[in-house]
2 protein chains.
Amino acid sequence: MTIRLLLVDDHAVVRSGLKMLLSGQKDMEIVGEAASAAEALSETERVQPTVVLMDIGLPDQTGIEATRAIKIKFPDVKIVALTIHEDEEYFFQMLNAGASGYVPKRAAPEELITAIKAAAIGEVYLYPSLAKFLVRDFLSTEQPAGEKVNLDGLTEREHEVLTHLAEGASNVEIASSLVISPKTVERHRENIMRKLNLHSRSDLVRYAIRKGIIKA
Amino acid sequence: MTIRLLLVDDHAVVRSGLKMLLSGQKDMEIVGEAASAAEALSETERVQPTVVLMDIGLPDQTGIEATRAIKIKFPDVKIVALTIHEDEEYFFQMLNAGASGYVPKRAAPEELITAIKAAAIGEVYLYPSLAKFLVRDFLSTEQPAGEKVNLDGLTEREHEVLTHLAEGASNVEIASSLVISPKTVERHRENIMRKLNLHSRSDLVRYAIRKGIIKA
DNA sequence: TTTCTTTTGGGGAGTACACCCCATCCGTGC
DNA sequence: GCACGGATGGGGTGTACTCCCCAAAAGAAA
């Protein structure tokens, strides 16, 4: 079964390139083109494509709005975003609008083809640089690496020891890592704890993560 | 910069096939192999790979547990799941465990290579048949995706104890808080540590923060 | 020069932890 | 009924940790 494609992009050159690229695919057929959101909707109605390749930057509306409009009228039509934008915001909005795929224009041609085929059979292709956003959202664990400023009154060495401590290393492990005696490590740890008013390794771990000294 | 790979699969034949397949890649180098979860962990420590190719069905533990263990000890090591399983359950668990990619064994070789490269630069490759699950999850829960039940295999009580442990409480403090014996707290702690393959309070703290169980 | 800080290290006391053993009670499932 | 897992506890062993004491060398600051 051939995949019926509708190309939506306001640049004729881009559409031509896509036609050139995709015409080599036996199982695909380009059944229509559109240069605006309004046209995209009417063309979808007219040609009943399997998959719509949707640009985001369109003259009248955004491709996001066009996607939403198409999915409301034709829920079975799959839409793959093909755009220069690689930021989280557009990506999430396209997903919310109902897109079945998201491919940056810089992607390799094979990736676009994979995305189209995936969309056609009800699956979803996400470009790796965008997929990570979704996974991060899924894990919902925000931990943007904080500034590595050193203003807690610790000395250079103490800071170094703290890093190891926070990573869960034992005194002996740290000693061997820093090539000093375990007793010295202990000494540093005591000083760190006194300065920071902490009293356990668990406290040190949380402190270090809060300060961005280590990642969780 | 070459990508250092560790292959984890209990079938030697599979590993051989992967070596054959990946040896053609100039920017990749296979630096180790493992046939079990335990071996995976020790090999990771030994060879410090960039990316671990992780099977799920392993003799001693699941690849999910192995992934969790590796990510806790070596957060920077990227892990790509390579498995015969294509169901939602395993997929979500691997993501929760910290995987940077998920590729079914039936996928095309190029897709595996893409996934490895994506993981190596901190991105995420998700196979289309799995990606749709994540998108559906994203759309259904809209904001608080992921972390809702005990995907880590802990019981209700253990989860409760873990929270206190992660906050730095001692056994005695937790005992008095939960109105049980310190010995019981210890019992729970042991079970938690065994299930999560952790061995110190510091590990527990980092685990809990990563999971969003407590804030840093 | 003298003082202070940093880094290095040892001894020891008391506590907490990590990891084993054991058992009982209770509810769910077969 | 019986098995099974979960929650509850006790005992013990060895190690690691937390916190005190002490000191000395090197370098910066007074």
Side-chain angles (χ1 to χ4, degrees), chain A residues 149-209 213-214, chain B residues 37-38 41-42 45 60-62 65 68-69 72-73 93 149-209 213-214:
Chain A
V149 196
N150 179 12
L151 288 179
D152 34 22
L154 299 183
T155 68
E156 202 60 35
R157 198 56 159 173
E158 284 165 354
H159 212 264
E160 197 172 359
V161 172
L162 171 57
T163 304
H164 288 86
L165 283 167
E167 278 164 354
S170 70
N171 293 334
V172 176
E173 286 167 346
I174 298 170
S176 116
S177 172
L178 299 182
V179 200
I180 52 179
S181 154
K183 214 52 188 160
T184 303
V185 175
E186 221 172 301
R187 187 93 282 255
H188 285 310
R189 179 193 51 71
E190 287 180 30
N191 290 330
I192 293 166
M193 284 182 167
R194 187 166 13 79
K195 284 181 180 179
L196 302 179
N197 197 20
L198 303 176
H199 301 89
S200 76
R201 254 133 155 112
S202 297
D203 289 341
L204 289 174
V205 172
R206 286 201 310 287
Y207 176 85
I209 292 174
I213 295 170
I214 64 160
Chain B
L41 190 56
S42 62
E45 181 152 26
D60 49 349
Q61 290 181 86
T62 68
E65 295 169 278
R68 189 148 43 216
I72 286 169
K73 277 217 183 307
Q93 283 191 41
V149 273
N150 305 334
L151 286 172
D152 38 22
L154 298 185
T155 68
E156 207 51 42
R157 197 57 157 173
E158 284 164 356
H159 213 264
E160 198 172 358
V161 172
L162 171 57
T163 304
H164 287 86
L165 283 167
E167 279 164 352
S170 71
N171 293 333
V172 175
E173 287 167 345
I174 298 171
S176 117
S177 172
L178 299 182
V179 200
I180 52 179
S181 153
K183 213 54 186 158
T184 303
V185 175
E186 218 172 304
R187 181 90 287 219
H188 285 310
R189 180 193 51 73
E190 287 180 28
N191 290 330
I192 293 167
M193 284 182 167
R194 195 184 43 257
K195 283 182 180 177
L196 302 180
N197 201 356
L198 303 176
H199 301 88
S200 77
R201 266 146 142 101
S202 298
D203 288 341
L204 289 174
V205 172
R206 288 202 310 286
Y207 177 84
I209 291 174
I213 295 170
I214 62 157

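Throughout, a chain's letter reflects where its sequence line sits, starting with A, and its residues are numbered from 1. Quick caveat, the model's predicted, so the values are computed rather than measured.
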Any heavy-atom pair between the side chains of A:V161 and A:E186 that's under 4.5 Å? no
Using atom types as modelled and distance alone, determine if a side-chain donor or acceptor of B:E190 lies under 3.5 Å from a backbone N or O of B:R187. no
Nucleotide C:dT7, atom P - distance to CD of A:E160 in whole Å: 9 Å
Of all the choices, C:dT7, D:dA7, C:dG9, which nucleotide is nearest to the side chain of A:R157 once you look at every atom? C:dT7
Measure from NE2 on A:H164 to C1' on D:dA16 and round the result to the nearest Å. 18 Å
I want to check something: taking the side chain as every heavy atom from C-beta on, are B:N171 and B:K183 in contact at a cut-off of under 4.5 Å? no
Without decimals, in angstroms, what is the distance between B:L178 CG and D:dG9 C1'? 14 Å
So, do B:R201 and A:R201 sit near enough that their side-chain heavy atoms are less than 4.5 Å apart? no
Between B:R201 and C:dA18, is there a side-chain N or O to OP1/OP2 distance below 4.0 Å? yes
Is the phosphate of D:dG5, meaning OP1 or OP2, less than 4.0 Å from a side-chain N or O of B:T155? no
For the pair made of NE2 in A:H199 and C1' in D:dC20, what is the distance, rounded to whole Å? 13 Å
NE2 of A:H199 to OG of B:S170: how many Å apart, nearest 0.5 Å? 13.5 Å
For the pair made of CD1 in A:I192 and C1' in C:dT7, what is the distance, rounded to whole Å? 13 Å
Separation of A:N191 atom CG from D:dT18 atom P, in whole Å? 14 Å
Just so I know, are the side chains of A:H164 and A:L178 near enough to count as touching, which here means a heavy-atom distance under 4.5 Å? yes
If I compare all heavy atoms of B:A175 with all of B:S181, which pair ends up nearest, and what's the gap? CB-C, 3.7 Å
Which part of the nucleic acid does A:H188 contact within heavy-atom distance under 4.0 Å: base, sugar-phosphate only, or nothing? base
Nearest-nucleotide pick for B:I180, side chain only, options being D:dT8, C:dC19, C:dG12: D:dT8
Is any side-chain heavy atom of A:S202 closer than 4.5 Å to one of A:V205? no
At under 4.0 Å between heavy atoms, how does the protein contact nucleotides 21-30 of chain C? Give one character per nucleotide, 5' to 3', with B, S or -. -B--------
C:dA18 phosphate, OP1 or OP2: any side-chain N/O from B:R189 under 4.0 angstrom? yes
Please tell me if the side chains of B:D203 and B:M193 come closer than 4.5 Å, counting only heavy atoms from C-beta onward. no
Taking NZ from B:K183 and P from D:dG9, how many angstroms apart are they, rounded to a whole number? 13 Å
Within the 4.5 Å heavy-atom criterion, are B:R206 and A:I214 side-chain neighbours or not? yes
Please report the distance, rounded to the nearest Å, between CE in A:M193 and P in C:dA16. 14 Å
Determine to 10° how strongly the helix from C:dT1-D:dA30 to C:dC30-D:dG1 is bent, judged from the axes of its five-pair ends. 40°
Can you tell me which residue among B:T155, B:L198, B:L165 is in a side chain to side chain contact (heavy atoms under 4.5 Å, CB included) with B:I192? B:L165
Per the under-4.0 Å heavy-atom filter, residues of residues 169-176 of chain B near DNA chain D come out as none
With hydrogens left out and only the distance checked, is there a donor-acceptor pair under 3.5 Å joining A:E186's side chain and the base of D:dC19? yes
For C:dT8, does either OP1 or OP2 sit under 4.0 Å from a side-chain N or O belonging to A:T184? no
Taking only N and O in the side chain of B:S181, is any of them less than 4.0 Å away from OP1 or OP2 of D:dG10? yes
Any heavy-atom pair between the side chains of B:L162 and B:R189 that's under 4.5 Å? no
